[in-house]
Amino acid sequence: MLYIGIDLGTSACKLLLADEAGKILNTVTHAYPLSFPQPGWSEQRPEDWWDAVVTGVPELLQGFDASQVAGIGAGGQMHGLVALDAQDNVIRPAILWNDGRTDEEVDYLNNTIGREKLSALTANIAFAGFTAPKILWMQKHEPENFAKIDKIMLPKDYINYKLTGVHSCDYSDASGMLLLDVANKCWSKEMLQICAVREEQMPELFESYEVTGTLTVSAAAQLGLPEAVKVVAGAGDNAAAAVGTGVVGAGGCNISLGTSGTIFISAGRFGVDPNNALHAFAHADGGYHLMGCMLSAASCNKWLCEDILKTADYSAEQAGITDDKLGRNHVFFLPYLMGERSPINDTNARATFTGMTMDTAREDLVQAVLEGVAFAIRDSFEVAKSLGVQIPRSFLCGGGSKSPLWRKIFANVLGIPLDTVKTEQGPGYGGVILAMVGCGRFDSVQAACRALVEVASTTEPDAVLTERYEARYHQFRQIYPAMRALFPALR
């Protein structure tokens, strides 16, 4: 049998076709536009996501027997507000995870409703990217649209609805809405009341590997697939990527260097960071996880190279950054191009280069960006360590992990070995694994990962470089506190 994985990203939808052994047989990618209607805003049309799937799946299946497709699983960008009316039409463009318009709503939730209450109800506090603040923003600024809402969904759940006709959501993705009682895996009635939302407006909840339905007649015809194809609930992109790298059960860690950056620590039982610097979410394997998320990771390097230096040759830009320069750069970069989430939770934060002099070279800026992203991930890494979490090694995935230099920087900034996997297909491969479990190919997500995920390479830290980076990291940590009071005035 064959399985389809959907990676619904911020810039594109990537589709994977895999066989029962987990071998990737084909991939197809379709990009779609990202809109910034005002500074700090970020939106997309959900219809564009579906168009990418409808266009991409027939291409994916060219040369293969579509009747052999057994299941579909999706991993998708989290937190985006998709609002549907009573006819299941999209009311307005989706407000995305990296949108920063909800300062007032976040302040209201954290300081009027209160952080302690939010944490007790949902295991988390409010961040600008979360869904609940977006709902409050829509209620205040677009009351006519708010009144039309019949269903509130997340991005990949909109795709699953178009596939099955079922309004569903999995626990991992729902955890990032600030509407889920994460500990008890149910919608928080009190949070729904705070956001003026009725429970019937929310989708039905599932474990990520559970089947929510089969293809509708219309979807099957559009995609060229049998109606019997099963669709599982899927997962938020980070949980799906963790499954794709085998980070399941207790004690696993995965760092993802995509548009955003995350550190994902899996756990067998529920637990909360008392300072809420890390998110406490349900995991796609049926357990739980802690996660730190930075809003701009590989996108920082893309911004510098493509928008500022006007080149897409990343390798050439990194070629001159030799080992003797690592941990000795005199330039620092704060990677807060879109504000920041974990662990500082500051929508006003902005990116800065610090320490430039007349002898600063182009490659110094490139190195500063690569190091700044690693330092920012370490901020969340340190929070996890302060909770007594042991992280002896981690997986590294995402587009940024393809750079040997960036892997070396990360290994030495964190001081741990970093593994990459043979099949590095991010959330899409996690979607494939979840579909296999839903279709009965494996008894559990853990069993599937044991059978399918293999380590391809390991980057070991170097004691000398680790010592250098230790000193640089402690200098980096002083920059944001010194700048914090200035950032609001710059907006």
Side-chain angles (χ1 to χ4, degrees), residues 43 46-47 76-97 99 101-102 104-110 112-115 117-208 210 212-213 233-236 281-282:
E43 299 182 351
E47 297 92 341
Q77 50 168 299
M78 298 178 68
H79 313 308
L81 173 59
V82 180
L84 305 182
D85 64 18
Q87 288 74 46
D88 288 325
N89 296 313
V90 175
I91 295 171
R92 68 167 333 280
I95 305 175
L96 300 190
W97 60 273
D99 187 282
R101 76 185 70 184
T102 57
E104 293 181 4
E105 291 73 23
V106 169
D107 181 71
Y108 166 74
L109 288 168
N110 283 335
T112 301
I113 300 300
R115 287 174 170 83
K117 185 171 185 177
L118 293 180
S119 187
L121 294 174
T122 71
N124 296 278
I125 61 173
F127 289 78
F130 282 8
T131 317
K134 297 180 175 75
I135 294 171
L136 292 175
W137 183 92
M138 192 172 171
Q139 181 186 18
K140 179 179 180 180
H141 295 278
E142 298 180 356
E144 292 182 2
N145 283 337
F146 183 81
K148 297 177 185 176
I149 295 177
D150 190 67
K151 277 289 184 292
I152 290 171
M153 305 197 75
L154 295 170
K156 66 105 174 57
D157 301 324
Y158 177 74
I159 297 301
N160 286 343
Y161 160 72
K162 296 292 286 185
L163 291 171
T164 65
V166 177
H167 300 101
S168 66
C169 186
D170 78 289
Y171 295 114
S172 75
D173 217 356
S175 297
M177 298 180 78
L178 203 68
L179 298 172
L180 185 76
D181 176 347
V182 176
N184 296 300
K185 292 189 173 181
C186 62
W187 297 119
S188 167
K189 290 181 169 55
E190 192 165 351
M191 278 305 302
L192 294 181
Q193 289 175 354
I194 288 169
C195 294
V197 173
R198 304 183 309 277
E199 191 161 354
E200 56 265 31
Q201 292 175 289
M202 304 304 296
E204 184 180 355
L205 292 164
F206 294 85
E207 292 287 358
S208 297
E210 290 184 317
T212 64
F281 289 171

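In this text, all values refer to a predicted model and were calculated from it rather than measured experimentally.
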**Item:** Nearest atoms (heavy-atom pairs only) where Ala282 meets Val182
**Value:** N-CG1, 3.8 Å
**Message:** Using a 3.5 Å distance criterion without hydrogens, assess whether the side chain of Lys134 forms a donor-acceptor pair with backbone atoms of Met177.
**Reply:** no
**Request:** Hey, could you give me the CG/CG distance between Leu84 and Asp150, rounded to the nearest 0.5 Å?
**Result:** 8.0 Å
**Item:** Over all atoms of both residues, closest heavy-atom pair of Met138 and Ala83
**Value:** CE-CB, 4.1 Å
**Fill in**
Shortest non-hydrogen pair, Ala132 vs Leu179, comes out as CB-CD2, 4.0 Å
**Request:** Taking Thr164 for its side chain and Asn160 for its backbone only, find out whether a donor-acceptor pair lies under 3.5 Å.
**Result:** yes
**Message:** Using side-chain heavy atoms (C-beta onward) and a distance below 4.5 Å, is Lys185 in contact with Leu205?
**Reply:** no
**Message:** Restricting to non-hydrogen atoms, name the atom on Glu207 and the atom on Glu210 that form the minimum distance, rounded to 0.1 Å.
**Reply:** N-OE1, 2.9 Å
**Message:** Can you give me the closest heavy-atom contact between Trp187 and Leu180, atom names plus distance?
**Reply:** N-CD1, 4.0 Å
**Prompt:** Between Glu105 and Lys140, is the closest basic N to carboxylate O distance under 4.0 Å?
**Reply:** no
**Fill in**
When rounded to the nearest 0.5 Å, the distance separating SG of Cys169 from NZ of Lys156 is 4.5 Å
**Test item: Glu142 and Ile91 side chains (from C-beta on) under 4.5 Å apart, heavy atoms** = no
**Request:** Would you check if Ile95 and Thr102 make a side-chain contact, meaning some heavy-atom pair closer than 4.5 Å?
**Result:** no
**Asked** Taking C-beta and beyond as the side chain, do Leu136 and Leu109 meet within less than 4.5 Å on heavy atoms?
**Response** yes
**Complete:** Nearest heavy-atom approach of Ala235 to Ser208 is CB-OG, 3.7 Å
**Prompt:** Nearest 0.5 Å, what's the OG1-CD distance between Thr112 and Glu104?
**Reply:** 11.0 Å
**Request:** Find the distance between CG (Asp99) and CG (Leu81) and round it off to the nearest 0.5 Å.
**Result:** 10.0 Å
**Pair Asp170, Ser172: side-chain N/O donor-acceptor within cut-off below 3.5 Å** = yes
Distance-only criterion, 3.5 Å: show the donor-acceptor pairs between side-chain atoms of residues 189-199 and protein atoms not counting sequence neighbours.
| unit_1 | atom_1 | unit_2 | atom_2 | d |
| --- | --- | --- | --- | --- |
| Glu190 | OE2 | Lys117 | NZ | 2.7 |
| Arg198 | NE | Glu200 | OE2 | 3.1 |

**Prompt:** Can you tell me how far the CG atom of Asn110 sits from the CD1 atom of Ile125, to the nearest 0.5 Å?
**Reply:** 5.0 Å
**Request:** Check whether any side-chain heavy atom of Phe127 lies under 4.5 Å from a side-chain heavy atom of Val106, and answer yes or no.
**Result:** no
**Heavy-atom side-chain contact between Asn124 and Leu178 under 4.5 Å** = yes
**Sidechain N-carboxylate O distance under 4.0 Å for Glu43, Arg101** = yes
**Request:** Would you mind listing every ring-ring contact (aromatic ring centres under 6.0 Å, His included) that reaches into residues 140-167, with sequence neighbours excluded?
**Result:** Trp137-His141, Tyr161-His167
**Request:** First locate atom CZ of Phe206, then atom CG of Asp173, and finally report the distance between them rounded to the nearest 0.5 Å.
**Result:** 14.0 Å
